[in-house]
Number of protein chains: 2
Amino acid sequence: MEKYKLGDKVFDCPVGLASNAINGKWKLQILNLLSQEECMRYGNLKRRIEDVSEKMLIQHLRELEQDGLIERKLYPEVPPRVEYALTEVGRQIIPVIVALKQWGQLFRI
Amino acid sequence: MEKYKLGDKVFDCPVGLASNAINGKWKLQILNLLSQEECMRYGNLKRRIEDVSEKMLIQHLRELEQDGLIERKLYPEVPPRVEYALTEVGRQIIPVIVALKQWGQLFRI
DNA sequence: TTCGGTACTTACTTTTTAGTAAAAATTGTT
DNA sequence: AACAATTTTTACTAAAAAGTAAGTACCGAA
């Protein structure tokens with residue numbers, strides 16, 4: 001039987017794997033912003049995602065990084081500058097975001 | 001500012017709403033199965049989704065029903081027969097599933 | 001009158017996720 | 001020496017999600 005692997009997690013179906021990778025209260029919103037902007041700084045992400053706490057934002061960024069969807073670039077300046085961007089694998093998830101956004105727009109009031 | 005509403009939950013962006021609707025350990029897998037099969041019985045879903053417990057399956061089915069993505073048809077027979085199927089709104093999320101599945105296949109081993 | 005088959009339901013526990021708020025690290029500027 | 005700006009980190013608490021396992025309801029057939 002075919003298997004799918006992300007990090008050290010193994011799944012029996014691609015939907016299960018994908019579901020696991022994007023599961024998180026703010027992950028899709030993070031990916032959505034990064035899909036529109038080439039790269040974004042931590043502080044900028046924080047401002048753009050209303051209500052996200054610093055803890056959750058950094059936690060989700062770490063997980064997305066570990067799963068290979070985004071990369072973190074640290075510029076050794078003072079004050080520090082950190083930029084996040086989609087990786088190649090991350091860019092390949094953009095069609096999902098686009099379709100999802102379109103679906104969500106059905107619920108506009 | 002535009003708003004998006006699902007049930008009694010209001011969101012500022014369509015991605016946030018969509019994210020909320022599909023957030024759940026097995027929801028995308030349920031939607032995936034229903035997208036391929038026209039309709040499916042409870043017991044069949046349970047067999048097809050490995051490891052899901054009866055509690056979680058029914059809970060997710062209820063939430064998807066409340067959010068208007070699926071509908072539940074009870075046939076008053078003995079033993080009882082219950083069929084689940086995508087609604088029109090549910091069918092409109094199929095492109096998301098398709099894109100997600102394609103993305104997940106990148107991780108085949 | 002007990003059993004089979006289907007679809008749940010309930011009570012309880014454990015695990016995971018999220019929220020809050022304060023602190024840390026860095027170093028050039030005042 | 002204190003401050004500013006930015007990106008975390010930490011400790012603690014609270015809430016939500018998930019797991020486990022047993023129980024319920026229906027009714028016709030054996």
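Predicted model only: the values in this text are computed from it and were never measured. Residue numbers begin at 1 in each chain, while the letters A, B, ... track the order of the sequences.
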Think A/R81 has a side-chain N or O under 4.0 angstrom from the OP1 or OP2 of D/dA5?
no

Exam field: side chain [X] to backbone [Y], donor-acceptor pair closer than 3.5 Å:
X: A/R81; Y: A/Y75; result: no
X: B/W103; Y: A/V89; result: yes
X: A/T87; Y: A/G68; result: yes
X: B/R108; Y: A/Y4; result: no

Any chain of hydrophobic side-chain contacts (each under 4.5 Å) joining A/L74 to A/Y42?
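A/L74 and A/Y42: one cluster.
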
When you compare the protein's N or O atoms with those of nucleotides 24-30 of chain D, which come within less than 3.5 Å of each other, and at what distance?
none

In whole angstrom, what separates [X]'s [atom1] from [N]'s [atom2]?
X: A/E77; N: C/dT27; atom1: CD; atom2: C1'; value: 12 Å
X: A/N23; N: C/dT16; atom1: CG; atom2: C1'; value: 11 Å
X: B/L74; N: C/dC8; atom1: CG; atom2: P; value: 8 Å

Between A/E83 and A/R72 (salt bridge meaning N to carboxylate O under 4.0 Å), is one present in this structure?
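No, no charged N to carboxylate O under 4.0 Å.
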
Is any side-chain N of the basic residue among B/K9 and B/D67 closer than 4.0 Å to the acidic one's carboxylate O?
yes

I need the residues from residues 35-65 of chain A with at least one non-hydrogen atom less than 4.0 Å from DNA chain D; give them sorted by number, or say none.
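Those residues are A/R41, A/Y42, A/G43, A/E54, A/K55, A/I58, A/R62.
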
Contact class for B/Y75 vs. all strands (heavy atom < 4.0 Å): base, sugar-phosphate, or nothing?
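No contact at all - B/Y75 keeps every heavy atom at 4.0 Å or more from the nucleic acid.
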
Applying ring-ring contact (aromatic ring centres under 6.0 Å, His included), can you list everything that pairs with B/F11, at least two apart in sequence or on another chain?
none

